[in-house]
Amino acid sequence: MIRPLVVLGATGSIGRQALDVARRLGFPVAAVVARSGSDTLATIADAFPEASIGIVAPIGSERERFAAYGSRVRFGPDASVEFAATPGTIVVNGIVGAAGLRPSVVALEAGNRLALANKESLVAGGPVVLDALRRGGGELIPVDSEHSAVFQCLSGEDVGSVRRLIITASGGPFRGRTRDELENVSPAEALRHPTWSMGSRITIDSATLANKGFEVIEAHYLFGVSYSQIDIVVHPQSIIHSFVEFEDGSVKAQLGEPDMRIPIQYALTCPQRLAGGSVAAPSSWTLTFEAPDRASFPTLDIVIEAGMRGGSAPAVVNAADEIAVGAFLTGRLGFLGIASILGQTMERVPKVDVYTVDDVMQVDAEARSVANTLIGGAC
Ligand code: NAD
Ligand code: MG
């Protein structure tokens, strides 16, 4: 079961937690890749001296600094793709954004197990990823907590007997606020997630509920269920990670502390389970549920609508969101502006069919450019 790991996005929230799990369980680390050659990457490179190191976009003096690691280091955008293709490995994809798509496809084409946190791979390029899975004979195991939950609930089940998936959402830091109360929220407030500690993009996406829309698209491709069979329920405690309802009226759920190391570990070891985290006594739980507020958080339905349109539409809405979240974090766009940029970009970029990674990346570039122009015009 133990196979060498390739950790893409190694310096991020998922990447660092995957390396924690690897160290604890004794998985060797074949390669780590990050966007830049930060201090965090140097610490990781020293902690895993057997690992090759990829730096996709070195800035400043990083190239000179990491040259000291000699033949262990690869610079440039091909580093993720080269390491993802290493045969016989488990590739943990913790890259943020559509940049994760090509490495996902390459990992599956090489017949590797892909432990997928990078939901953008499936959002932007769902059919392309599924085609690579069929052709390469690799394994696609979700890391996203909700999808890990559904995957675990479906173990031993026939997907044809599923009536409905019920994906849980924490509701984010602004749960209970009206649209007017969201007008002037700051990036610092939006970054204060109540239950999960994650990278900045997904944290903002959790505040707008765009993340839950992306997860609906991710579930559609992972489990082959139609959009009408996927519901969302807000569950602020983030203990139940999702439910599956079957034709006979039975409902399964997967529970656990909100700790990404649990789904990461399961993606590495499944179908086996190794010793890991613990859970508080059930008597200490209060589990509550409510409907998502679709009027205050319109990005949820904009993203799901893109999923239902299919073709290039989800890649467009993802690219628009990457740009809009970046603009919000740097003070160039208000919180409510994010939904408006997503909606407008979707209407402006015509829907086409996408068959290859290049098709997706072309649409991604066009949508980014449209979103940037819209934001420029909004200032
Ligand atoms: P993060 O911002 O903390 O880390 C992103 C990592 O990706 C960094 O190591 C960065 O260097 C690297 N990176 C960025 N651009 C790259 C590129 N072009 N090529 C190679 N590496 C690049 O992000 P995160 O929170 O760890 O999220 C990573 C992915 O996992 C996202 O798709 C997110 O939606 C998903 N996810 C995260 C969590 C979580 O708890 N953090 C939970 C579920 C899903
Ligand atoms: Mg999730």
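Throughout, numbering of the chain's residues begins at 1 and tracks the sequence. Atoms within each ligand, like the ligands themselves, are counted from 1 in listed order.
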Would you indicate whether Gln362, at its atom CD, is surrounded by more than 12 heavy atoms from other residues, nucleotides or ligands within a distance under 6.0 Å?
no
Exactly one of Thr195, Thr168, Thr288 should register a side-chain hydrogen bond (donor to acceptor under 3.5 Å, both in side chains) with Gln237. Which one does?
Thr288
Aromatic contact between Phe335 and Phe174, with the criterion being ring centroids under 6.0 Å apart: yes or no?
yes
Who are the residue neighbours of ligand 1 when the rule is a heavy atom under 4.0 Å from any of its atoms?
Gly9, Ala10, Thr11, Gly12, Ser13, Ile14, Ala34, Arg35, Val56, Ser80, Gly94, Ile95, Val96, Ala99, Ala117, Asn118, Lys119, Glu120, Asp144, Met198, Gly199, Ile202, Met260
Restricting to under 2.8 Å, identify the protein N, O or S atoms around the Mg ion (ligand 2) as residue plus atom.
Asp144 OD1, Glu146 OE1, Glu215 OE2
Tell me whether the NZ or CZ atom of Arg74 lies within the 45° cone about the ring axis of Phe83 and under 6.0 Å from its centre.
no
When Pro258 is tested against each of Ser238, Ser197, Pro194 for side chain to side chain contact (heavy atoms under 4.5 Å, CB included), which residue passes?
Ser238
What pairs with Arg192 under side-chain hydrogen bond (donor to acceptor under 3.5 Å, both in side chains), at least two apart in sequence or on another chain?
none
Qualifying residues under salt bridge (Lys or Arg N to Asp or Glu O under 4.0 Å), relative to Arg368, sequence neighbours excluded:
Glu322, Asp364
Looking at Asp78 and Arg102, does any basic side-chain N land under 4.0 Å from a carboxylate oxygen?
no
Is the shortest distance from a Lys or Arg side-chain nitrogen in Arg24 or Asp20 to a carboxylate oxygen in the other one below 4.0 Å?
no
